[in-house]
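Order of listing sets the numbers, starting from 1, for every ligand and every atom in it.
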Amino acid sequence: MNEIFEAIKTSAIRIKEAIEFDDTGYSKNQNATGDTQLKLDIKSDIIIEAEFKKVDSIKEIISEEKEDKTPLNKHGKWLIGYDPLDGSSLVDVNLSVGSIFGIYEGDYSGKNLKASVYVVYGPRVELVIATDCVKMYRLNKQNEFVFIKEIKLNEKGKLNAPGGTQKNWEAKHKEMIDSIFKDGYRLRYSGGMVPDLHQILLKGGGLFSYPATSDVPKGKLRMIFEVFPFAFVYEKAGGGAIDGKNRLLDLTPSHPHDTSPCFFGSNQEIERVKRVYG
Ligand code: AHG
Ligand code: MN
Ligand code: MN
């Protein structure tokens, strides 16, 4: 799988440059979810596809910005689902954004996710690879990703990142979030799931939620490109990831762009969600 990690690193360096210097405006196109694509979404997708095309072991790719699957190598082994630029509408206000990758074998179900990777483009560029453990790397002046540390979640954290439009939350969700704040948790939410989830991982733990709401009853975040890859990272870091009741990695999407409500956190926070939703 190393050749895939190397292709992701090369893509990340090229995308970082595009984020720094390219136009942050919208294109005239919409993606499969109906979002108007930014020029940077399209460019990031093209960069990643071009780098993945050079890797023989990749059988097929599907991204948030593509309608359907793109076959690459008939004899390849891996399927990759990716979000080329998550949180792209935050670039024009100079907040952190990211890229997310899930590496699957066989099909794009949670149980067949074998590794995941995400990149954070912030004041610094960081890359996290989850296989049997979770390792963080940082880009240095020579454009090399240097190993920094292994990431482990504590059993309980201090941060709360509650996503979704509040006026559309269910009453039980609002009560749960209020009671978490009453227990002293601090709000940490930027609107970009990559930096929000990265912050919780690095600060020891907490809860990130994007629940079912009246406007998006199946949640907003997409299983293949966003939810499963981070569920894998959180589990391998010693925490949990559920849709309220079930483990996210037990789910199977029926369409590439299917979404799911999701909760990622350290173990005590995930138990708390289960008590409310279970
Ligand atoms: P994308 O930019 O790839 O469309 O996804 C953004 C995601 C995620 O990063 C964030 O947590 C969530 O959308 C926020 O959505 P809303 O602001 O619509 O709640
Ligand atoms: Mn996204
Ligand atoms: Mn995106």
**Message:** I'd like to know whether ligand 1 has Ser89 as a neighbour, heavy-atom separation below 4.0 Å.
**Reply:**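 Not so, Ser89 does not reach ligand 1.
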**4.0 Å heavy-atom contact, Tyr210 with ligand 1** =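 Yes; Tyr210 lies near enough to ligand 1 that a heavy-atom distance drops under 4.0 Å.
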Relative to the heavy atoms of [X], which atoms of ligand 1 are at a distance of less than 4.0 Å?
{"X": "Gly192", "result": "9 (O)"}
{"X": "Glu64", "result": "1 (P), 3 (O), 4 (O)"}
{"X": "Asp83", "result": "3 (O)"}
{"X": "Glu226", "result": "3 (O), 5 (O)"}

In the protein, which heavy atom is nearest to [atom], and how far is it?
{"atom": "atom 10 (C) of ligand 1", "result": "Gly191 O, 3.3 Å"}
{"atom": "atom 2 (O) of ligand 1", "result": "Gly87 N, 2.7 Å"}
{"atom": "atom 5 (O) of ligand 1", "result": "Asp86 OD1, 3.1 Å"}

**Asked** Counting only heavy atoms, which portion of Arg222 has something under 4.0 Å from ligand 1: side chain, backbone, both, or neither?
**Response**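 Side chain only; the backbone of Arg222 stays clear of ligand 1.
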**Prompt:** Sorted by chain and residue number, which protein N/O/S atoms are under 2.8 Å from the Mn ion (ligand 3)?
**Reply:**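 Listed by chain and number, the atoms are Glu64 OE2, Asp83 OD1, Leu85 O.
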For [X] and [Y], does a side-chain donor sit closer than 3.5 Å to a side-chain acceptor?
{"X": "Tyr108", "Y": "Glu60", "value": "yes"}
{"X": "Ser260", "Y": "Arg222", "value": "no"}
{"X": "Ser254", "Y": "Asp258", "value": "yes"}
{"X": "Asn112", "Y": "Glu105", "value": "no"}
{"X": "Asp35", "Y": "Thr33", "value": "no"}
{"X": "Ser190", "Y": "Asp196", "value": "yes"}

**Prompt:** Under 3.5 Å between some N or O of ligand 1 and some N or O of Leu221?
**Reply:**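 Looking only at distances, the answer is no, because the N/O contact criterion of under 3.5 Å is not met.
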**Item:** Under-4.0 Å salt bridge between Lys9 and Glu6
**Value:**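 Salt bridge: yes.
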**Prompt:** Quick one: do Glu3 and Lys54 make a salt bridge, cutoff under 4.0 Å?
**Reply:**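 Salt bridge between Glu3 and Lys54, a charged N being under 4.0 Å from a carboxylate O: no.
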**Message:** As a test of the contact definition, would atom 17 (O) of ligand 1 count as having a protein heavy-atom neighbour under 4.0 Å?
**Reply:**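 Given the 4.0 Å limit, the answer for atom 17 (O) of ligand 1 is no, no protein heavy atom qualifies.
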Specify whether [X] and [Y] have parallel, tilted or perpendicular ring planes, treating 30° as the upper limit for parallel and 60° as the lower limit for perpendicular.
{"X": "Phe264", "Y": "Phe208", "answer": "tilted"}
{"X": "His198", "Y": "Tyr118", "answer": "perpendicular"}
{"X": "His257", "Y": "Phe225", "answer": "tilted"}

**Asked** Does NZ belonging to Lys172 count more than 12 external heavy atoms closer than 6.0 Å?
**Response**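 Correct, the count exceeds 12.
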**Request:** Have a look at Glu49 and tell me which of Arg14, Lys43, Lys66 forms a salt bridge (Lys or Arg N to Asp or Glu O under 4.0 Å) with it.
**Result:**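 Per the salt bridge (Lys or Arg N to Asp or Glu O under 4.0 Å) rule, the option paired with Glu49 is Lys66, out of Arg14, Lys43, Lys66.
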**Item:** Best match, Glu65, Met193, Lys220: closest heavy atom to atom 13 (O) of ligand 1
**Value:**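 Looking at heavy atoms only, the winner is Lys220.
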**Item:** For the Mn ion (ligand 2), the closest N/O/S atom belonging to Glu226
**Value:**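 Closest to the Mn ion (ligand 2) among those atoms: OE2.
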